[in-house]
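One structure is given below, encoded as structure tokens.
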Amino acid sequence: MDSEQFRKFGYEFVDWVADYFAEVGDYPVRSRVKPGEIKERLPAKAPQAGEPLETIFRDFKEIILPGMTHWQHPGWFAYFPANNSPESVLAELLTAGMGAQCMIWQTSPAATELEEVVMEWLRDMLGLPAGMAGVLQDTASTATLCAILTAREAASGFEANKKGVKQPLVVYASQEAHSSVDKAVKIAGYGKEYLRHIPVDENYALIPKKLEEAIVADKKAGLVPACVVSSLGTTSSAAFDPLEEIGQICRRHNIWLHVDAAFAGTAAILEEKRWMLQGAEYIDSFVFNPHKWMFTNFDCSAYFVRNPDLLVKTFEIHPEYLKTAADTQVKNYRDWGVQLGRRFRALKLWFVIRSYGVEGLQSMVREHLRLAQLFKSWVDEEARFEVMAPVNLSLVCFRFNDGRPEPELHNKNKELLEKINATGSVYLTHTTLKGKYVMRMAIGSRLTEEKHVRQAWELIQKMAKEI
Ligand SMILES: *Cc1c(COP(=O)(O)O)cnc(C)c1O
């Protein structure tokens, strides 16, 4: 393809995306294809001869698109959002166009230095301690793995890096913590048996007393407590662990404190939500995902550490072929995480923060919080429905309850959720809280307005009459 053809298709593709933004609400939110259906429509072997882009683009629209679930749909209330924005998409185009691999400063100085700047912006926007330094990762799972690996080295005096884990190290997280903690503990060599799931209170927040009891018991047994993962905004119900009390326990016992705020972290840009960071001075590492609620398309996860030296010491490598003259004066982010090669993720974040401004981002997040309270008030008013967890942010956990026995309620709610999602106009997912089947209404899509939330509620009520 020459430049002129690229230009022609480029305009056409941008037109397609612009139309998609305008019309995404017309698609069924969740793809309706059956398992294997897309694969069946694709050739088993790669084409020997090149094909015209017109044909490939046509197949994209005819074969691929029906197999897509539309995360940018205004009726997206599933999981947590994974927002994009036009600004972010345009910046990604520039990133792809330059095709730079930004593993070290020298392989694109602007990528490293812009990353430093946007991470400092983000840190200050959220009100994290001024000394913290940040790096962009692909996902919160990776950032949590980095934290658990660094905690391993801090607890073993960097012996685990040398000799493997010889002495049992223990990680603590609440029963409601994200599965990425379990995954990280498995792959970081701690062993699954050394992850303690600490009980939660009636609001699904970790009980600090239980945490300290577990730490003391492990120490008595000759084990080494290495890391506590505190959740700010759990995935099931957006519960907040009491950070300050947990921080004090970590300080007393000299344990690494990692904070998982993957979804909720964005809300810390609001003065009225800053309470969540009470105790931030105890944090060793912190992750939140701009790709969830900060309108920056996947993937973009912000990881902050209090002491970057420990992070770098855990990950650093110095092969001859990567040495440069600038090494003593610059950051080489290759040593701030697992991967060597790095995408230029900071560019899209810079575009987003600059084009919306902090105030623009604040008002979008605030609107989602308002819509969640509105939805909650409707559920509260309706006798056959109940709210199942505190609505701290923009997630409402609720269920249908007409007073029938629990096992039947479980099935009824499951059936109701399937019926709601089958309409194609909204998509909600579920969780269980205290063993009860609960629907999650996660508001936070960029295109979601009050009318969409209202339509969703009307639909939920209508479907509830039919089950
Ligand atoms: C979404 C989520 C994660 C996982 O995020 P990834 O970026 O997909 O790895 C981790 N923790 C919490 C609390 C989450 O909500």
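For ligands, and for the atoms within them, numbers begin at 1 and follow the listed sequence.
Just one residue in the list Gln278, Glu271, Met276 forms a side chain to side chain contact (heavy atoms under 4.5 Å, CB included) with Arg274, and that residue is Glu271. The side chain to side chain contact (heavy atoms under 4.5 Å, CB included) test with Ile104 is passed by exactly one of Asp335, Thr112, Asn332: Asn332.
There is a side-chain donor-acceptor pair under 3.5 Å between Thr423 and Ser425.
Closest approach of Arg196 to Leu223, counting heavy atoms only: NH2-CD1, 3.5 Å.
With Phe286 as the aromatic partner, Arg123 does not meet the cation-pi criteria of under 6.0 angstrom to the ring centre and within 45 degrees of the ring axis.
Contacts classified as salt bridge (Lys or Arg N to Asp or Glu O under 4.0 Å) and involving residues 337-353 (residues at least two apart or in different chains) are given here: Glu92-Arg343, Glu92-Lys348, Glu115-Arg342, Asp299-Arg343, Asp299-Arg345.
Among protein residues, Phe80, Thr139, Ala140, Ser141, His178, Ser180, Gly233, Thr235, Asp260, Ala262, Asn289, His291, Lys292 come within 4.0 Å of ligand 1, judged on heavy atoms.
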